[in-house]
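Heads up, the thing below is written out as structure tokens.
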Amino acid sequence: MRVVIAEDSVLLREGIVRLLTDAGLDVVAAVDEPEALLRKVDELLPDICIVDIRMPPTHTDEGIRAALVIRAQHPDVSVLVLSQYVEERYATDLIASDTRGVGYLLKDRVADVREFVDAVRRVGDGGTALDPEVVSQLLVRSRRVDPLGGLTPRETDVMRLMAEGRSNQGIAAELVVSEGAVEKHVSSIFLKLALPPADQDHRRVLAVLRYLEGS
């Protein structure tokens with residue numbers, strides 16, 4: 001898996017390079033500003049970019065804007081953004097069109113090397129990785145209009161873990177239930193959200209988007 005990193009903190013950038021390299025990933029470029037990121041993506045077409053939301057020159061939204069450009073111009077390049085704290089608007093912008101190959105993690109998660117590397121691999125393979133804190137805050141906003149009040153507490157737990165990018169196997173392990181039980185909950189969620197039988201992954205994406213966006 002080929003990785004491009006965009007992070008203006010030298011220590012964090014070099015730390016990420018080291019831990020991903022040690023995990024067997026190929027870091028093909030590591031840059032400190034968004035224009036360099038866009039050039040490297042155009043040149044190298046990596047499997048995944050890891051991008052800090054706040055980058056030079058203003059340290060506001062340069063990183064997320066670059067990430068959105070990459071999503072639009074290179075849909076096959078996955079994007080994992082890192083943030084110091086949850087910024088709901090940016091998270092919503094990132095996942096608004098498609099949750100495949102996208103991730104949003106708080107920088108604290110980098111300290112858990114195994115969890116972080118697993119998230120990078122999952123997003124790079126076209127999956128999703130949303131920080132539990134990001135999911136929690138987006139769900140709080142969704143519940144203000146209660147669009148999915150018909151879900152049971154257990155179905156809500158399953159949806160929360162689906163939104164983090166977990167597989168049925170991962171959800172079963174987290175909730176300490178069988179995969180068969182998780183499949184029944186997922187089928188019930190699809191029914192309640194009026195998502196007709198179709199490609200399983202496609203329905204999963206639609207369910208997560210509806211849940212997070214409150215539509």
Side-chain angles (χ1 to χ4, degrees), residues 1-7 12-13 15-31 34 37-38 40-41 44-53 55 63-84 86-87 90-136 138 159-171 173-174 200-202 204-209 211-212:
M1 185 173 292
R2 302 167 69 248
V3 184
V4 168
I5 298 169
E7 166 61 59
L12 183 56
R13 184 174 67 248
I16 294 173
V17 170
R18 176 64 181 273
L19 69 87
L20 293 182
T21 300
D22 288 348
L25 282 72
D26 183 13
V27 179
V28 294
V31 300
L37 166 65
L38 295 175
K40 288 297 182 182
V41 171
L44 301 172
L45 291 178
D47 298 298
I48 181 172
C49 300
I50 300 173
V51 185
D52 183 10
I53 280 184
M55 297 187 70
I64 191 66
R65 285 193 284 113
L68 292 173
V69 169
I70 292 168
R71 294 281 285 169
Q73 296 184 351
H74 302 286
D76 292 333
V77 176
S78 299
V79 175
L80 172 60
V81 300
L82 300 178
S83 180
Q84 196 66 43
V86 178
E87 301 183 74
Y90 296 151
T92 303
D93 288 346
L94 190 66
I95 66 174
S97 60
D98 195 346
T99 59
R100 291 171 294 184
V102 66
Y104 186 125
L105 296 180
L106 297 184
K107 289 185 177 181
D108 289 347
R109 302 295 172 189
V110 179
D112 187 330
V113 174
R114 177 179 295 180
E115 181 179 338
F116 178 65
V117 172
D118 286 347
V120 172
R121 291 187 186 279
R122 185 162 69 247
V123 174
D125 285 335
T128 306
L130 296 179
D131 194 284
E133 185 63 26
V134 174
V135 173
S136 176
L138 291 178
M159 279 296 295
R160 172 176 56 81
L161 294 169
M162 283 172 59
E164 291 177 18
R166 307 288 187 94
S167 64
N168 283 359
Q169 181 179 13
I171 293 172
E174 179 71 19
Q200 182 76 5
D201 289 337
H202 179 63
R204 208 175 181 94
V205 169
L206 291 177
V208 168
L209 283 173
Y211 195 59
L212 295 180

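All values derive from a computational prediction rather than experimental measurement.
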Report task. Can you tell me which residue pairs pass the salt bridge (Lys or Arg N to Asp or Glu O under 4.0 Å) test with a partner in residues 112-127, sequence neighbours excluded? Result -> none
Report task. Start with the C-alpha gap between Asn168 and Arg204, add the side-chain angles, then the distance that decides, and say whether side chain to side chain contact (heavy atoms under 4.5 Å, CB included) holds. Result -> CA-CA 11 Å; Asn168 283 359; Arg204 208 175 181 94; 2.9 Å; yes
Report summary line: Scanning both residues in full, the closest heavy-atom pair of Leu45 with His74 reads CD2-ND1, 3.4 Å
Query raised in the report: Are the side chain of Arg13 and the backbone N or O of Glu7 linked by a donor-acceptor pair below 3.5 Å?
Result: yes
Report task. Evaluate side chain to side chain contact (heavy atoms under 4.5 Å, CB included) for Tyr104 paired with Ile64, printing each intermediate quantity in order. Result -> CA-CA 10 Å; Tyr104 186 125; Ile64 191 66; 5.7 Å; no
Query raised in the report: Nearest heavy-atom pair of Met162 and Ala207: which atoms, and what distance?
Result: CE-CB, 4.4 Å
Query - Leu44 to Ala29 - nearest heavy-atom pair and separation - result: CD1-CB, 4.0 Å
Query - From OG1 (Thr128) to CG (Leu80), nearest 0.5 Å - result: 11.0 Å
**Report entry** By salt bridge (charged side-chain N to carboxylate O under 4.0 Å, His left out) - contacts of Arg18 (at least two apart)
**Finding:** Asp22
Query raised in the report: Side-chain contact, heavy-atom cut-off 4.5 Å: Leu25 with Ile48?
Result: no
Query - Shortest non-hydrogen contact between Gly126 and Ser78, atoms and distance - result: N-OG, 4.2 Å
Query raised in the report: Are any of the side-chain heavy atoms of Leu82 and Ile16 separated by less than 4.5 Å?
Result: yes
Report summary line: Rounding to 0.5 Å, atoms CG (Asp47) and CG (Asp76) come to a distance of 10.0 Å
Requested in this report: Using the test side-chain hydrogen bond (donor to acceptor under 3.5 Å, both in side chains), find all partners of Asp131 that sit at least two apart in sequence or belong to another chain.
Outcome: Arg109
Report task. Evaluate whether atom CZ of Arg100 has more than 12 neighbouring non-hydrogen atoms of other residues, nucleotides or ligands under 6.0 angstrom away. Result -> no
Report task. Might you point out which heavy atoms bring Ala129 and Leu105 nearest each other, and give the distance in Å? Result -> O-CD2, 4.2 Å
Query raised in the report: Is there a side-chain contact between Leu38 and Val69, using heavy atoms and a 4.5 Å cut-off?
Result: yes
Query - Min side-chain heavy-atom separation Lys40-Val28 under 4.5 Å - result: no
Report task. List the steps, then state whether side chain to side chain contact (heavy atoms under 4.5 Å, CB included) holds for Ile5 with Leu20. Result -> CA-CA 10 Å; Ile5 298 169; Leu20 293 182; 4.2 Å; yes
Query - Atom of Val41, atom of Cys49 and distance for their closest heavy-atom approach - result: CG2-SG, 3.3 Å
Query - Between CD on residue Gln84 and CG on residue Leu106, distance to nearest 0.5 Å - result: 8.5 Å
Report summary line: One should read off an interatomic distance between Ile53 CD1 and Lys107 NZ, to the nearest 0.5 angstrom, of 9.0 Å
Query raised in the report: Stepwise, does the side chain to side chain contact (heavy atoms under 4.5 Å, CB included) test hold for Val51 with Leu37?
Result: CA-CA 9 Å; Val51 185; Leu37 166 65; 3.8 Å; yes
